[in-house]
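No experiment lies behind these values; they were computed from the predicted model shown.
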Protein chains: 2
Amino acid sequence: MNKINLTAQRKAVLEAVQYDDGHPTAAEVMERLREQGQQFAYATVYNSLKYLTDVGLLRELKLGEAASRYDARVDDHHHIVCKQCGRVDEVLSPTPDEWITAVEKATNYKVSNSHVVFEGVCGTCAQHKV
Amino acid sequence: MNKINLTAQRKAVLEAVQYDDGHPTAAEVMERLREQGQQFAYATVYNSLKYLTDVGLLRELKLGEAASRYDARVDDHHHIVCKQCGRVDEVLSPTPDEWITAVEKATNYKVSNSHVVFEGVCGTCAQHKV
DNA sequence: TATAAGATTTATACTAAATCTAAATATAAA
DNA sequence: TTTATATTTAGATTTAGTATAAATCTTATA
Ligand SMILES: [Mn+2]
Ligand SMILES: [Mn+2]
Ligand SMILES: [Zn+2]
Ligand SMILES: [Zn+2]
């Protein structure tokens, strides 16, 4: 059961994440809402992000920056961050199974998932060579 | 040149990380120093960890927890976290080159490095089955 | 409809991790 | 020694996020 209760605030927060392809932070979600004239309490945005993550409509990303980012794409995937402009793109290629098997053997862990962050320079930044 | 200036404080902090195989946080370093009767200012521990990281004697790890962890092993490697007991172990098997190549092709990035955190259950926890 | 129960939102206080500031110390150079 | 430079320190500040409790909204029930 456990029907998802999408209040106006939660819907607005969800849409703010969905229409920002760049994996926004809570602060960026706030900003976008404010731009639209839809301002909610700080805590409401956090509560909503947490709720939406709990019910599986969003994923929280910890990419090694100070603030968490949120992703409307909830299927399992990784990310790549441009060291120059900071943009975050999708990496849909999954962690190779043979690698996971090798890691399990070497560490004596049973691996349930993996989070990968690639770092590099995006196509755009590569062109606008410094 | 740029000789490394290992003050007493920095040396103590470095050793605290080296003799803790578990990738300690700044707070855990503080704690260990206090146990040894060597207590420094909060800021000194942070300054030292930053200095030691900058000169390459330590690596800072962001494993998705609130606090950074520090690693005396500075060669390139990954980590695996036990979901049950929280221990952090080394993953020495490097990211497969073919995978990196595939990701570069798919994303149009030039990848310079990758950070991988595996999650699972360690051998010890697997035995003490819940 | 009226009323109560439950859920959500809000403002505010609070916490944890880390950084900043500026004075006090220590170390090195002249 | 005197001066300059680097480091340490205590405490204030910042940032991201959580906790609390009152206010509001929504739903269920008499
Ligand atoms: Mn994504
Ligand atoms: Mn390590
Ligand atoms: Zn870029
Ligand atoms: Zn374990």
Participant: Work out which heavy atom in Gly86(B) is nearest to a heavy atom in Val81(B); give both atom names and the distance.
Facilitator: O-CG1, 4.2 Å
Participant: Please list, in numerical order, the residues of residues 10-19 of chain A that have a heavy atom closer than 4.0 Å to any atom of DNA chain D.
Facilitator: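 Heavy-atom cutoff 4.0 Å gives no residues at all.
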Participant: If you compare every side-chain N and O of Thr7(A) against the phosphate oxygens of dT9(C) (OP1, OP2), does one of them come in below 4.0 Å?
Facilitator: yes
Participant: Give one of base, sugar-phosphate or nothing for Asn47(A), where a contact means two heavy atoms less than 4.0 Å apart.
Facilitator: base
Participant: If you define the side chain from C-beta out and look only at heavy atoms, does anything of Asp54(B) sit under 4.5 Å from Lys50(B)?
Facilitator: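 A side-chain contact under 4.5 Å exists here.
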Participant: In whole Å, what is the span from the CG atom of Leu49(A) to the C1' atom of dT9(C)?
Facilitator: 15 Å
Participant: Considering only heavy atoms from C-beta outward, does the side chain of Ser114(A) approach that of His78(A) to under 4.5 Å?
Facilitator: yes
Participant: Please list, in 5' to 3' order, the outermost nucleotides of DNA chain D lying under 4.0 Å from any heavy atom of chain A.
Facilitator: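 The contact span of chain A on DNA chain D goes from dA16(D) to dA19(D).
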Participant: Classify the nucleic acid contact of Thr25(B) as base, sugar-phosphate or nothing, counting any heavy atom under 4.0 Å across all strands shown.
Facilitator: nothing
Participant: Can you tell me the distance, in whole Å, between the CD atom of Gln9(B) and the P atom of dA26(C)?
Facilitator: 10 Å
Participant: Would Arg32(A) and Glu28(A) pass as an ion pair if we require N to O under 4.0 Å?
Facilitator: no
Participant: What residues from residues 34-46 of chain A pass a heavy-atom cutoff of under 4.0 Å to DNA chain D?
Facilitator: Tyr42(A), Ala43(A), Tyr46(A)
Participant: Among pairs that include at least one residue of residues 45-64 of chain B, which meet ring-ring contact (aromatic ring centres under 6.0 Å, His included), considering only residues two or more places apart or in two chains?
Facilitator: Tyr42(B)-Tyr46(B)
Participant: Shortest non-hydrogen contact from Gln38(B) to Ala12(B)?
Facilitator: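 Shortest heavy-atom contact: OE1-CB, 3.6 Å.
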Participant: I'd like to know if Arg87(B) pairs up with Asp89(B) as an ion pair, taking the criterion as any Lys NZ or Arg NE/NH1/NH2 lying under 4.0 Å from an Asp or Glu carboxylate oxygen.
Facilitator: yes
Participant: Could you tell me whether the side chains of Glu60(A) and Ser68(A) share a donor-acceptor contact shorter than 3.5 Å?
Facilitator: yes
Participant: For residues Gln18(A) and Ala72(A), report the shortest heavy-atom separation together with the two atoms involved.
Facilitator: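 So the two residues come closest at CG-CB, 3.6 Å.
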Participant: Taking atom P of dA28(C) as reference, at what distance in whole Å does atom CG of Leu6(B) sit?
Facilitator: 13 Å
Participant: Does Phe118(B) sit in a hydrophobic cluster with other residues, and if so which ones, taking ILVMFWY side chains as linked at heavy-atom separations under 4.5 Å, directly or through other members?
Facilitator: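 Ile80(A), Val91(A), Trp99(A), Ile100(A), Val103(A), Tyr109(A), Val111(A), Val116(A), Phe118(A), Ile80(B), Val91(B), Trp99(B), Ile100(B), Val103(B), Tyr109(B), Val111(B), Val116(B), all in the cluster of Phe118(B).
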Participant: Please go through Val74(A)'s hydrophobic cluster and name the other residues, only I, L, V, M, F, W, Y counting, with side-chain heavy atoms under 4.5 Å joining them.
Facilitator: none
Participant: Quick check on DNA chain D: between Asn5(B) and Ser68(A), whose nearest nucleotide comes earlier from the 5' end?
Facilitator: Asn5(B)
